[in-house]
Protein chains: 2
Amino acid sequence: MRPPPLTPSEASRPAEAFPAHTPAAAQIFTIVLSHGPLTRAEIARRAALSPAAVTKAVRPLIELGYLLEDADDEHRRALGRPANLVRVDGGRALFLGVKVTGDEIIAVLADLCCRIRVARRVPLGDRRAEGVLATLSGLVLELLAEAEELGAPVKGVGIAVSGDVDRAEGLVRYSPFLEWRDVPLANLAAMTVGLPVTVDNDVRALTVAEQWFGAGVGLADFALVTVGAGIGCGLVVGGRVVSGAHGVAGEIGHLSFDPAGPRCHCGNRGCVEAVASESAIVRDVRAETGIDVADAAQALELAHRGDPGARAVYARAGAVIGRAIGAVVNLLGPERVIISGEGLAAYDLFAAEIKGAFAASAFGAAARCDVTTCPLPFEEWARGAAATAIQSFIRADSRDGRG
Amino acid sequence: MRPPPLTPSEASRPAEAFPAHTPAAAQIFTIVLSHGPLTRAEIARRAALSPAAVTKAVRPLIELGYLLEDADDEHRRALGRPANLVRVDGGRALFLGVKVTGDEIIAVLADLCCRIRVARRVPLGDRRAEGVLATLSGLVLELLAEAEELGAPVKGVGIAVSGDVDRAEGLVRYSPFLEWRDVPLANLAAMTVGLPVTVDNDVRALTVAEQWFGAGVGLADFALVTVGAGIGCGLVVGGRVVSGAHGVAGEIGHLSFDPAGPRCHCGNRGCVEAVASESAIVRDVRAETGIDVADAAQALELAHRGDPGARAVYARAGAVIGRAIGAVVNLLGPERVIISGEGLAAYDLFAAEIKGAFAASAFGAAARCDVTTCPLPFEEWARGAAATAIQSFIRADSRDGRG
DNA sequence: CGCATTCTTTTCTGTTGTCAATAAAAGAAG
DNA sequence: CTTCTTTTATTGACAACAGAAAAGAATGCG
C-alpha cells in the first residue's frame with residue numbers, strides 16, 4: 001500500500017520521488033495546487049484534517065521545495081497571530097504535455113502549476129506509430145533542452161491522443177485519426193525519453209486540466225464540452241473523471257436529436273457531429289449559400305459578415321449543441337458546463353441558440369446548471385496532457401481522486 | 001471520524017450501533033453482503049487488505065451475530081487447509097422499506113440481506129404531508145408488530161419518494177406527484193416511528209438495491225432504467241450512485257430525440273416520457289386503433305392479441321427507449337444497463353426495438369455494454385428503500401461508497 | 001505591559017493495518 | 001503412520017498516521 005522507503009541512491013537521483021507519502025499529503029498538495037495560496041488552518045478545514053496533520057504533511061513538501069511559505073499581508077484579520085500562506089512553487093518542477101493529432105504534434109513545457117513556459121508544434125507526415133514516436137521524441141528532446149535552461153527538472157511527460165485510451169495501462173486501444181490499434185504508447189515513449197509517461201484520452205486530459213487548474217476547480221460535478229473538428233465531452237462525476245467501463249465516455253458527438261438530420265459517418269442521422277462539427281458546418285454553409293468556402297475560417301468569416309444562410313447554419317449547430325448539453329445536464333446534473341474548443345471562435349453565432357436550446361431541454365433543478373465558455377488556445381490540449389503528467393507525479397503511488 | 005464509545009446505557013439499548021468501527025470493516029461487510037459467502041482469504045483479495053486485517057475486522061462482526069461462519073464443503077480445493085466461509089446472517093436485523101406514490105404507500109419488512117419478509121400496501125387518500133405521515137406511521141407500526149414475531153430487531157426505516165430528494169438532509173425538496181416542497185421527511189418520520197430514517201429518491205433507492213443485491217453487484221458503472229408511469233434512470237459511476245450537484249440526475253424521461261414528436265407536459269416535444277410512458281402509450285393506442293382502452297393493461301392486452309396499431313405504438317416506444325439508453329451508454333460507457341419497471345410487462349413488444357435502436361445509436365466500444373432486464377414486482381420499489389436503510393445502518397458514521 | 005485572539009507547532013496517545021511467524025487442517029508421498 | 005506440502009487463518013510485534021491537548025508564536029487592543 002505504501003511505497004518502500006527510498007534507498008540513498010534512489011533519493012539522490014535527479015528523478016526523486018514526490019514526498020507525498022500518505023494520501024492525506026497528496027490531497028493537501030492538490031488542494032494547495034488548485035486553490036492557490038492558503039493558510040494551514042484553511043487547508044485543514046478544506047481537507048477535513050486536524051491542523052496538526054497539515055503541519056506535518058506540509059513540512060517535507062516545503063523542505064524539498066515543492067511548497068513555499070510567506071506571510072499573508074493581504075487579508076490580515078484584525079486579531080490573532082498573522083497567518084502564513086502556503087503555495088506551490090511552480091518553478092520547482094517541469095512537465096511536458098504532448099497532443100498528437102492526425103496531422104501535427106503540439107507540445108508544451110509547463111511548470112508544476114501548469115503554466116505554459118514553452119510551446120511548439122510540428123507537422124506530422126507519417127501516422128504510423130514508429131514515425132509519430134520519432135517525431136515526438138525529437139520534439140521532447142528539444143523541449144528538454146529548453147527545460148535545461150529554466151533550471152528545473154522535468155518530472156514527467158503526458159501524451160494526449162483522441163480515441164479509446166487506457167491510462168492505467170498506458171495503452172492506445174484504438175485511435176481512428178491515427179489509425180492505431182493497441183499501441184503501448186506509454187512504454188514506448190518512456191523508453192525513448194527516459195521519463196515517466198502518462199497517456200490519456202485528449203478530452204479527458206483537458207478535463208483534468210480544467211478540474212485542477214481551470215473552470216472546474218472545486219466542483220465535484222461538471223462537464224467540459226469541446227466544439228471543433230469533432231464534438232467531445234469530458235465528465236467529472238463525484239470529483240472523478242469518468243472513463244467508462246470500456247474506456248469510452250462522453251461521446252456526445254454521436255447523440256442524435258433529429259432522425260431526419262444529415263447522415264453522419266457513424267451511420268446514423270442527425271448526430272451532433274453531423275450538424276455542428278467544423279466539416280459539417282463548412283458543408284452546410286456551402287450548400288446553404290452556394291459559396292464554395294474552403295474551410296471553417298472562411299465559413300466563419302462569411303457568417304460574421306452577416307450572410308443569412310451561413311448564420312442559419314451556425315444557429316442550427318448551436319441548437320444541436322444546446323440540446324446535447326441539455327441531455328448531459330438532465331442525465332448527470334452537473335454544477336457547471338464549460339464549453340471550449342476551436343469552434344468557440346464562432347461562439348457569438350452560437351451562443352443564443354445554445355442557451356435557448358439548453359434552457360428548453362433542461363428539466364427542473366438541472367436547469368440551475370451554469371453554462372460557461374473557456375477560450376481554448378491551440379496549446380491548451382497539450383497543456384491538458386501536462387496536467388495528467390502532474391497528476392501522475394503527485395499520486396505516483398497513492399490513489400485518491402478528488403479534485 | 002470515529003463514533004464515540006458507547007456508554008453502558010447506550011450499549012444495552014435495543015438499537016445498538018453496528019460494529020463497523022473502521023471504513024475497512026464496513027467495506028468488508030459490504031463485500032460479504034453483496035458477494036455471498038466468501039472465505040477470509042478471498043475477502044482480503046477483494047478488499048485489497050491483508051488477511052490479518054480481515055480476521056480482525058470479521059471477529060467482532062461474528063461475535064455480535066452479524067456474520068456467520070461455516071465450512072466450505074462445496075469447492076474444496078485438493079490441497080491446503082479447508083477454508084471457512086463467512087456470510088451475513090440475514091435474520092440478525094430487519095429493516096423497513098417504504099415507497100410513497102401519489103395514491104398509495106407500499107411497505108416491506110426486509111432482512112439484512114434485503115430479502116422481503118412481509119409486504120403491505122395501503123391506498124392514500126390525502127397527499128398532504130400530515131396525512132401521508134399518519135398513514136405511513138400506521139403501516140410502520142403494523143410491520144413493527146410483525147417484526148416482533150420474527151424475533152429480530154428493526155434497525156432502520158428507508159423511505160423512497162419520487163422527485164428531488166436530499167438524502168443527506170433527509171429532505172424532500174420537491175415532489176411533483178405528492179405536491180410537496182421542502183418537507184423534512186426524515187426528521188418527521190423518525191419522530192413518529194422512533195427509528196433512524198433514511199429518505200431518498202425512489203429511482204436512486206432502486207439503484208442502491210441493484211448495486212448491492214441485484215444485477216449491479218460488482219459493477220463500478222451501470223445504469224438502471226425504469227419504464228412505467230414515468231421513465232427514470234439511476235446511474236452508478238465509479239461505484240457511486242449519482243445524485244447530481246442539485247440533487248437531480250438520471251432524468252432520462254425528458255430527453256427528446258424527435259422535435260416533431262408529441263408534446264410533453266414539460267413543454268417540449270418528443271420527450272421519452274411523451275412517447276413511452278404508460279399514459280402516452282394508452283393515449284397513442286387509442287388514437288391509433290380507435291379503441292377506447294381504459295388503461296395500460298388493456299392497451300397491452302390489445303397489443304398482445306396482435307392488433308397492428310397497438311403493436312406499432314409499443315414499437316415506437318421501444319425505439320425511443322432504446323435511443324435513450326444509447327444516449328446514456330454513449331455518455332457514461334456503463335458496463336450494463338438494467339431495464340426494469342412496471343412497463344416491463346410489455347417487454348416482448350419492446351425488446352427488438354429497444355435493442356435495435358440501442359445498437360444503432362451506441363458508438364464504438366460503448367456498444368459492448370450489456371443490456372439486461374430485471375423483473376420488478378410491486379414491492380421492489382419499497383425493497384429499494386429498505387436497501388438504503390441497510391446502507392445507512394452499515395456506514396452510520398463511516399463514509400465509504402464503493403459497491 | 002498584560003490580555004485576547006488566532007494561527008501553528010509539539011508532544012503524546014490510540015487506532016489501524018502490515019509483516020512475519022505460527023498454528024491449523026487437510027491431502028500426498030514415502 | 002509419519003512427514004511433507006499446501007493453503008487458510010491467527011497471533012503478536014511494530015510502524016505510521018492522525019487526533020487531542022497544550023504550549024508557543026505573533027499580532028492588536030486596552
Side-chain angles (χ1 to χ4, degrees), chain A residues 1-6 19-29 32 37-63 67-87 397-400, chain B residues 1-5 19-29 31-32 37-63 67-87 397-400:
Chain A
M1 194 158 210
R2 191 168 309 113
L6 294 177
H21 324 287
T22 124
Q27 188 198 3
I28 287 172
F29 190 81
V32 177
L38 291 173
T39 70
R40 288 180 176 75
E42 182 61 26
I43 295 170
R45 273 189 290 274
R46 298 207 191 212
L49 289 168
S50 68
V54 174
T55 293
K56 280 179 253 190
V58 159
R59 189 182 351 245
L61 290 166
I62 289 183
E63 274 168 10
L67 293 180
L68 297 175
E69 187 173 21
D70 40 31
D72 181 2
D73 298 325
E74 298 284 318
H75 7 60
R76 278 285 300 115
R77 286 212 203 17
L79 250 45
R81 168 177 173 173
N84 289 336
L85 289 177
V86 174
R87 63 190 168 82
D397 209 279
S398 73
R399 304 282 147 66
D400 189 343
Chain B
M1 193 159 212
R2 190 166 314 112
H21 325 286
T22 126
Q27 188 198 2
I28 287 172
F29 190 81
I31 288 174
V32 177
L38 291 172
T39 70
R40 288 178 177 75
E42 182 59 26
I43 296 170
R45 273 188 290 274
R46 298 209 190 211
L49 289 167
S50 66
V54 175
T55 293
K56 282 178 225 182
V58 159
R59 182 169 9 233
L61 289 166
I62 288 183
E63 274 168 8
L67 293 180
L68 297 175
E69 188 173 22
D70 41 28
D72 181 2
D73 298 324
E74 298 285 319
H75 7 57
R76 277 286 299 117
R77 285 208 204 21
L79 251 44
R81 167 176 173 174
N84 289 336
L85 289 177
V86 174
R87 62 189 169 83
D397 209 279
S398 72
R399 305 280 148 66
D400 189 341

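Letters go in sequence order (proteins before strands), and every chain restarts at 1.
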Nucleotide N/O of nucleotides 9-12 of chain D paired with protein N/O under 3.5 Å:
| unit_1 | atom_1 | unit_2 | atom_2 | d |
| --- | --- | --- | --- | --- |
| D:dA9 | OP1 | B:N84 | N | 2.8 |
| D:dA9 | OP1 | B:N84 | O | 3.1 |
| D:dA9 | OP2 | B:R40 | N | 3.2 |
| D:dA9 | OP2 | B:A41 | N | 2.9 |
| D:dT10 | OP2 | B:R40 | NE | 2.8 |
| D:dT10 | OP2 | B:T55 | OG1 | 3.0 |
| D:dT11 | OP2 | B:R59 | NH1 | 3.0 |
| D:dT11 | OP2 | B:R59 | NH2 | 3.2 |
| D:dG12 | O6 | B:K56 | NZ | 3.4 |

Could you tell me the separation between the [atom1] atom of [X] and the [atom2] atom of [N], rounded to a whole number of Å?
| X | N | atom1 | atom2 | result |
| --- | --- | --- | --- | --- |
| B:Q27 | C:dG17 | CD | C1' | 13 Å |
| A:I28 | D:dA18 | CD1 | P | 8 Å |
| A:E63 | C:dT9 | CD | C1' | 14 Å |

Task: Candidate pair B:V86 and B:D70, rule side-chain contact (heavy atoms from CB on, under 4.5 Å), full reasoning - done: CA-CA 7 Å; B:V86 174; B:D70 41 28; over 6 Å; no
- [ ] List the atom of A:Q27, the atom of A:L49, and the distance in Å for their closest heavy-atom pair.
- [x]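 Heavy-atom minimum between the residues: OE1-CD1, 4.5 Å.
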- [ ] List the steps, then state whether side-chain contact (heavy atoms from CB on, under 4.5 Å) holds for B:L38 with B:I31.
- [x] CA-CA 9 Å; B:L38 291 172; B:I31 288 174; 3.7 Å; yes
Open item on the list: Looking at D:dA20, I'd like to know if its phosphate oxygens (OP1 or OP2) sit under 4.0 Å from a side-chain N or O belonging to A:S50.
Closed with: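 Checking A:S50 against D:dA20: no side-chain N or O falls below 4.0 Å of OP1 or OP2.
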Open item on the list: Pair A:L67, A:F29 - check side-chain contact (heavy atoms from CB on, under 4.5 Å), show working.
Closed with: CA-CA 8 Å; A:L67 293 180; A:F29 190 81; 3.7 Å; yes
Task: Reported CD-to-CZ distance for the pair A:E63 and A:R59, which is rounded to 0.5 angstrom - done: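 Interatomic distance, A:E63 CD to A:R59 CZ, rounded to 0.5 Å: 7.0 Å.
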Task: Rounded distance [0.5 Å steps], CD1 in B:I62 versus CG in B:N84 - done: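 Atom-to-atom, B:I62:CD1 and B:N84:CG are 8.5 Å apart.
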